Amino acid sequence: MVDVEALTGPVLAALRTIPGVTVYDGFVPTAVPETDGYPDPYIVFWAGIGDNPDEAPANGIHDTDSLIWDFQTTAAGADPGICRNVAQAAAAKLTNLRVGTGRVKPNPDGFNQQAPILDTQTTPSRFMLPRPWRLKTN
């Protein structure tokens, strides 16, 4: 069986090399660090356990050595430019990143959000840009 935690480690490690950006795994704290009343840049990593890509054979037993693992990153910043820069830095770190037996790619079946979205439900407000990713193991 594919160990999903073994996959998350290299992805989180790559994201954590982005200078000046905090990375959160699966949550955003109630209060994020701020500078002069504006939120500092951050990325939220959202991941689950993946799915088996193989069609079940006649006996109904799935091969557990392969996995399609979809996850998302959400870049956040005080203004659209900061948000885009954080999202671009994350894309540079993750695109083609070797993890286990596969490489991380943008999710071809995912949504394609092109512009930062203003989140006014949080204080202080911030811009966010989500990006879906996919890793296929062999």
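Computed from a predicted structure; not experimentally measured.
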Working note: Val86 + Ile43, criterion side-chain contact (heavy atoms from CB on, under 4.5 Å); need CA distance, chi angles, decisive distance, verdict. CA-CA 8 Å; Val86 172; Ile43 295 171; 3.5 Å; yes
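- Note that NZ of Lys136 and CG of Leu67 are 11.5 Å apart. Values are rounded to the nearest 0.5 Å.
- Minimum interatomic distance between Pro130 and Ile117 (heavy atoms only, all atoms of both residues): CD-CD1, 4.2 Å.
- Rounding to the nearest 0.5 Å places CD of Gln88 at 10.5 Å from CG of Leu129.
- Counting heavy atoms of neighbouring residues, nucleotides and ligands inside a 6.0 Å radius, atom CD of Gln113 exceeds 12 of them.
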side-chain contact (heavy atoms from CB on, under 4.5 Å) between Thr8 and Trp69, intermediate numbers included: CA-CA 10 Å; Thr8 63; Trp69 186 51; 3.4 Å; yes
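- What you find for Phe127 and Cys83 is that their closest heavy atoms are O-SG, 3.5 Å.
- Smallest separation of non-hydrogen atoms from Ala14 and Thr17: O-OG1, 2.6 Å.
- In this structure, NZ on Lys93 lies 12.0 Å from OG1 on Thr95, to the nearest 0.5 angstrom.
- Under the 4.5 angstrom side-chain criterion for Ile, Leu, Val, Met, Phe, Trp and Tyr, the cluster partners of Phe27 are Tyr24, Val28, Val32, Tyr42, Val44, Trp46.
- For Arg134 (side chain) and Asn107 (main-chain N/O), no donor-acceptor pair under 3.5 Å exists by modelled atom type.
- With values rounded to the nearest 0.5 angstrom, Leu15 atom CG is found 6.5 Å from Thr73 atom OG1.
- Counting only heavy atoms from C-beta outward, the side chains of Pro132 and Phe111 approach each other to under 4.5 Å.
- Put simply, CE on Met128 and CG on Leu118 are 8.5 Å apart, with the number rounded to the nearest 0.5 Å.
- Across all their heavy atoms, Leu135 and Gly102 have their closest contact at CD1-C, 3.5 Å.
- When every heavy atom of Leu97 is checked against every heavy atom of Val11, the shortest pair comes out as CD2-CA, 4.2 Å.
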When you look at Thr22 and Asp40, which way does the side-chain contact (heavy atoms from CB on, under 4.5 Å) test go after all the steps? CA-CA 8 Å; Thr22 302; Asp40 292 345; 5.7 Å; no
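- Here the straight-line distance linking atom CH2 of Trp133 with atom CD of Gln72 works out to 11.0 Å at 0.5 Å rounding.
- Residues Pro10 and Leu7 approach most closely at CD-O, 3.2 Å, considering heavy atoms.
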Could you please spell out the steps behind the side-chain contact (heavy atoms from CB on, under 4.5 Å) verdict for Phe71 and Leu94? CA-CA 11 Å; Phe71 62 93; Leu94 294 182; 4.2 Å; yes
